[in-house]
Amino acid sequence: MNYFSFKDGVLHVDNISVLEIEKKCATPVYIYSELCLSNNYKALEEALENKLGKSHPKLIAYSVKANSNVAVINVLKKINSGADVVSSGELKRVIKAGITGENIVFSGVGKTKDELFFALDADVMQFNIESISELEMLSEIASFKNKKAPIAFRINPDIDAGGHEKISTGGSSTKFGIPYKQAINAYEYAKTLPGIKVVGIDIHIGSQITDLEPFKLAFNKVLLLYKELIKNGHNIINLDLGGGIGVSYDENTKPFLISEYADLIKEKFGSLDCKLIFEPGRYITANAGILLTKVIRKKESYNNSFVIVDAAMNDILRPALYDAHHEVISVLEMKKGKEVTDYQVVGPICETGDIINRKARLSNIKDGDLLAIKFAGAYGAVMSSYYNSRDLVPEIMISNNKINVIRKRILIEDFISYENIPE
Ligand SMILES: Cc1ncc(COP(=O)(O)O)c(C=O)c1O
């Protein structure tokens, strides 16, 4: 099903024309389809249930960092999603969206004392622990509260997940997890701490993984560790298999099918008496959003044809940060046979790197035209800032063919009001 399609020559989100959205909300603006968000979640759930059986204990804990708008989280909550959070801020968001502790895992390499306190009060189902000092801090706080904190260690398996180095997290040079070889000792130690209850194993090797091989290697290591820990008398009831499922940002990227991922899960873990936890982010939200932007002007310089738009790297950082590809299309359907030009689509920010797409094939662009930056639902609005003193980009969600403003535009005047000139 296509949630962003042309009807009568105009791009629609579900059944709403983007021209209507622009009239109401101006640009730049993120637009999400609720239907697409929930269908993505259901596709993963269905694939897992088809392979594992409906009754196999599992939790799809949506990784909130991909898109943390409370309305987005609430869409997923309504269809029984849990949440994976990495800060007390994210935890506050998921609580506001209605998700409760028994469906929340708390990940992150630098949890503070205050965050551990807060998460213990929220009774999160699992703390994914990334160092011994974090474990000790948690034990101390939990003991003080007369609680036992349920923990899993995040294991760093030293596996390269492929893709961009800035989103690969399972290698030995990264800050994430505890080295695989130290895991057995870490679990033995955890068992001795008064505020700790060992419940699981956690792994997350990276994001935008399009090949199953790194998952296979990582899951083999989880399985080996699981067997060893069970032999040593640990009560491992949760296996948190992380996120990372890749999506197709361009036609050359062909990720594995979700049914193949589910096959792998069944093969490796289907027979174990464990709750399986998944932390998908991008898979749920990437294709569920676009960033709508307006052409300010065209500019020719040396051999370059630039289209300067009103969205910029402060609104969508991924191209500047990771050289990520986001297709840019006109919201008016391109007629077959029309002449096309390769444009560099750039923002107005004073940085050479403020390039949204280096080679967008567009036809007959004029000032004031609307363009859509596709696959912008994950790691888009969450990374936005007010750099260059620009307003913070708003977010819209289309639900049941209604336009809902789910984050209003935050004006630069609002930010300035927090600043002070000392007397
Ligand atoms: C611990 C953890 N879990 C889940 C995710 C979500 O990853 P993705 O959006 O690739 O599914 C991330 C993102 O990097 C992460 O750090």
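Computation of the quantities below employed the complete heavy-atom set of this structure, encompassing side-chain atoms and omitting hydrogens, waters and symmetry-equivalent molecules. As the structure lists them, so they are numbered: ligands from 1, and atoms in each ligand from 1.
- Atoms of ligand 1 found under 4.0 Å from any heavy atom of Gly243 (numbered from 1 in listed order, with element): 4 (C), 11 (O).
- Geometrically, ligand 1 and Gly244 share a nitrogen or oxygen pair separated by less than 3.5 Å.
- Annotation: side chain of Leu276 is in contact with side chain of Leu239 (closest heavy-atom distance under 4.5 Å).
- The heavy atom nearest to atom 3 (N) of ligand 1, considering only Glu279, Arg154, Arg282, is found in Glu279.
- Taking a 4.0 Å cut-off on heavy atoms, Tyr379 registers as neighbouring ligand 1.
- Lys221 has no carboxylate O lying under 4.0 Å from a charged side-chain N of Asp158, or vice versa, which leaves the two without a salt bridge.
- Under 4.0 Å from ligand 1, not a single heavy atom of Ile209 appears.
- The shell of residues lying under 4.0 angstrom from ligand 1, judged by heavy atoms, excludes Ala66.
- No N or O atom of Ser107 sits closer than 3.5 Å to an N or O atom of ligand 1.
- Between Phe106 and Phe127, the ring planes are tilted. Angles from 30° to 60° get that label.
- Ligand 1 places these atoms under 4.0 Å from at least one heavy atom of Asp84: 2 (C), 3 (N), 4 (C).
- When each atom of ligand 1 is checked for a heavy atom of Lys65 under 4.0 Å away, the hits are 2 (C), 3 (N), 5 (C), 12 (C), 13 (C), 15 (C), 16 (O).
- Heavy-atom proximity to Pro280, at under 4.0 Å, picks out these atoms of ligand 1: 11 (O).
- Contact check for Glu46 versus Ile258: no side-chain heavy atoms found under the 4.5 Å cut-off.
- Taking every heavy atom of both residues into account, Ser363 and Val340 meet most closely at CB-CG1, 4.1 Å.
- For the pair Glu228 and Lys231, the salt-bridge criterion is met [side-chain N within less than 4.0 Å of a carboxylate O].
- Ring to ring, Tyr41 and Tyr62 are not that close: their centroids are 6.0 angstrom or more apart.
- Within ligand 1, the atoms closer than 4.0 Å to a non-hydrogen atom of Gly281 are 8 (P), 9 (O), 11 (O), numbered from 1 in the order shown.
- Checked by distance only, ligand 1 and Gly242 stay at 3.5 Å or farther apart across all their nitrogen or oxygen atoms.
- Side-chain contact between Val85 and Val124 is absent, with no heavy atoms from C-beta onward closer than 4.5 Å.
- Contact check for Ile60 versus Pro280: side-chain heavy atoms found under the 4.5 Å cut-off.
- Counting atoms of ligand 1 from 1 in the listed order, those under 4.0 Å from a heavy atom of Ser207 are 7 (O), 8 (P), 9 (O), 10 (O).
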